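Okay, structure first, notes after.
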Amino acid sequence: MAGPAGCRPAGFLIAAPASGSGKTTATLALLRYLRDTGRRVSSIKVGPDYIDPAFHAAASGRACFNLDAWAMRPETLEATLALAGRDAELIVGEGVMGLFDGAAATDARGFAAGSTASLAALLGWPVVLVVDCRGMGASLAALLRGFAEHRAEVVLGGVILNAVASERHEALLRTACREAGLPVLAVLRRDGRLARPSRHLGLVQAGEDPALEGFLDHAARALGGTLDSDVLQALSRPARGIAAEAADVAPERQRPPARPLTPLGQHIAVARDLAFSFAYPLVLEGWRAAGAEISFFSPLAGEGPAPQADAAYLPGGYPELHGAALAASGGFAAGMQALVARGGTVYGECGGYMALGRFLEDKDGTCHSMLGLLPLESSFREPRRRLGYRRAELLAEGPLGPAGTEYRAHEFHYASAQGCAGAQGADGEALFRLTNAAGEEAGLAGRRVGRVMGSFLHLIDRESEPAAAFSG
């Protein structure tokens, strides 16, 4: 499976005809099985997702990085692949939604923006299709032919049969795969032990699941008993060069590390616990590569930023599930206020943004006091999903860059908010001007008061190389 020294990272993508087909379960089972059998396997997750990568990391023992063909510059994609491929003989990628599903906009090759198919064509990696086979038999052949022939640039390399009822059912499905000309990589039988608990943003977080290790071991045994090693060996291939200078050399020598966001400071304290867990590893790696020191603190444990920190980052997560604990966290509030008093920078995304506000109302209508650093009141009493890619233009010079700096971002939340965007005034000013993936105006977003700022956006990458850090 491993190529000769100096080859680009080899891998393949796991996708499905639709969401809910079992691709996460299949990916986790394969990662854990390969790890347990001594393979040096790492993983990537297609698109903007924080929850699945944490499960990947638990299954493989390695950090999982996101790859996003819409939101990332070619240089960022290259650098991310290099990070994922460090000391690994294989990268297993999990797709997003259905194979050809993405944003309403299309990319330069006519794929849905951000789709798994778009990334598969870009990388030249084959796709393993996970099919939920409940209620399906011979018709599987027609479904597989349709996906295999839909776009020539996307190569199906195999199938994982999921939710198979019996040996007889499996035999029928294997016959359909042979008819469609596709090999079966593995089979997963119907098994209630393979189900995982979910909530409004996806699976319950890996760090909250005490039964996770047992689930991963069981899933690995269930898949490993049917895995066809010859099919697996034939699947992986080196990633095609993406950036202009890409060559068939050692990945760590191809390009300097990606720096998606300009560092917020020289020492950035990052909130990390069950309330604030949605931070992209690539962003933190980029800050380190730019020379910033990173430390972590837990607001739920009553901790604030390190006294020597000159910046704090509050990533997204689930503050709405921990409102009372955050409101009672005196150490968190005191530490954040001290950082602001000494002129430090504070940046919050989504859940972190809500924590910077005046209060947060949970789904039961209980209001919890937050930090009060931004003029923002957020509520989950009447949840409404807001989801999609965004282009975000910075409205004024600040720690995120000069005015006019453009970012690629993603928005996914159920909270409503008051005071989250508007004209300049005593209550601060808006942070970004937005357009969606189709280029349509999407209004203003976020708030900024001095060096405290935030929005519901998760910033992924910038449109161009970072400018000099803000020092005002």
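Just so you know, residue 1 is the first one in the sequence shown, and it goes up from there. Note that the structure is predicted; figures quoted are calculated from it, not measured.
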Within the side chain of Trp287, is there an N or O that forms a donor-acceptor pair under 3.5 Å with the backbone of Leu261?
yes
What's the verdict on side chain to side chain contact (heavy atoms under 4.5 Å, CB included) for Glu94 and Phe55, showing C-alpha distance, side-chain angles and the deciding distance?
CA-CA 11 Å; Glu94 181 190 350; Phe55 283 90; over 6 Å; no
Might you point out which heavy atoms bring Val46 and Gly114 nearest each other, and give the distance in Å?
CG1-O, 4.1 Å
Examine the side chains of His56 and Thr27 and answer whether a donor and an acceptor come within less than 3.5 Å of each other.
no
Set out, in order, the CA-CA distance, both residues' side-chain angles and the distance that settles side chain to side chain contact (heavy atoms under 4.5 Å, CB included) for Leu400 and Tyr407, then state yes or no.
CA-CA 10 Å; Leu400 289 174; Tyr407 288 96; 3.8 Å; yes
Heavy atoms only: give me the nearest Phe276-Gly352 pair and the separation to one decimal.
CE2-CA, 3.8 Å
Main chain of Pro307, side chain of Arg342: is a donor-acceptor contact present, judged purely on distance under 3.5 Å?
yes
Suppose we call two aromatic rings close when their centres sit under 6.0 Å apart. Are His150 and Phe100 close by that rule?
yes
Distance-only polar pair, side chains of Arg462 and Thr76, donor-acceptor under 3.5 Å
no
Kindly say whether Arg40 contributes a backbone atom to a donor-acceptor pair with the side chain of Glu89 at under 3.5 angstrom?
yes
Assess the pair His458 and Tyr280: is the distance between their ring centroids shorter than 6.0 Å?
no
Kindly give the heavy-atom pair with the smallest separation between Ala117 and Val154, and that separation in Å.
O-CG2, 3.7 Å
In residues 435-443, what donor-acceptor pairs under 3.5 Å come from side-chain atoms, sequence neighbours left out?
unit_1	atom_1	unit_2	atom_2	d
Asn436	OD1	Ala438	N	2.9
Asn436	OD1	Gly439	N	3.1
Asn436	OD1	Glu440	N	2.9
Asn436	ND2	Glu440	OE1	2.7

Side chains of Phe215 and Leu28: closer than 4.5 Å at any heavy-atom pair?
yes
Kindly determine whether Glu377 and Arg358 satisfy salt bridge (charged side-chain N to carboxylate O under 4.0 Å, His left out), including the steps that lead there.
CA-CA 6 Å; Glu377 300 86 34; Arg358 292 166 176 157; 2.9 Å; yes
Quiz question: by atom type and distance under 3.5 Å, do the side chains of Glu361 and Ser378 form a donor-acceptor pair?
no
Residue pairs meeting salt bridge (Lys or Arg N to Asp or Glu O under 4.0 Å), one or both in residues 308-317, sequence neighbours left out, come to none
Let me see the working for Ile44 and Asn66 under side chain to side chain contact (heavy atoms under 4.5 Å, CB included), right down to the final yes or no.
CA-CA 5 Å; Ile44 62 99; Asn66 298 72; over 6 Å; no
Keeping Asp49 on the side-chain end and Ile51 on the backbone end, is there a donor-acceptor pair under 3.5 Å?
yes
For residues Glu320 and Gly317, report the shortest heavy-atom separation together with the two atoms involved.
OE1-O, 4.1 Å
Exactly one of Arg391, Arg73, Arg259 should register a salt bridge (Lys or Arg N to Asp or Glu O under 4.0 Å) with Asp461. Which one does?
Arg73
Parallel, tilted or perpendicular: ring planes of Tyr313 versus Tyr347, cut at 30 and 60 degrees
parallel
So, Ser455 side chain and Ala445 main chain: donor-acceptor pair closer than 3.5 Å or not?
no
Would you say that Leu284 contacts Val270 through its side chain, given a criterion of any heavy-atom pair below 4.5 Å between the two side chains?
yes
Between Tyr318 and Phe278, is the ring centroid distance below 6.0 Å?
yes
Distance only, no hydrogens: is a donor on one side chain within 3.5 Å (strictly under) of an acceptor on the other, for Asp101 and Ser115?
no
Between Pro402 and Leu394, what is the shortest heavy-atom contact and its length?
O-CD2, 3.6 Å
Can you check whether Val96's main-chain N or O pairs, donor with acceptor, with Thr116's side chain at less than 3.5 Å?
yes
Flag, side chain of Arg86 to backbone of Ala88, donor-acceptor distance under 3.5 Å:
no
For the side chain of Lys45 and the backbone of Phe65, is there at least one donor-acceptor N/O pair under 3.5 Å apart?
no
Does a donor on one side chain sit under 3.5 Å from an acceptor on the other, for Arg35 and Ser60?
no
Taking all atoms of both residues into account, what is the closest heavy-atom pair of Pro305 and Ala312, and its distance?
CG-CB, 4.2 Å
Side chain to side chain contact (heavy atoms under 4.5 Å, CB included) assessment of Trp125 paired with Leu13
CA-CA 7 Å; Trp125 278 359; Leu13 296 170; 4.0 Å; yes
Rounded to the nearest 0.5 Å, what separation is found between the CG atom of Leu326 and the CZ atom of Phe332?
6.5 Å
Close side-chain approach of Asn162 and Thr25, heavy atoms under 4.5 Å
no
Note, Leu395 side chain near Arg448 side chain (heavy atom, < 4.5 Å):
no
Establish, for the pair Arg408 and Tyr389, whether the NZ or CZ atom is under 6.0 angstrom from the six-membered ring centre and no further than 45 degrees off its axis.
no
Does the side chain of Ser298 pick up a donor-acceptor pair with the side chain of Asp273 at under 3.5 Å?
yes
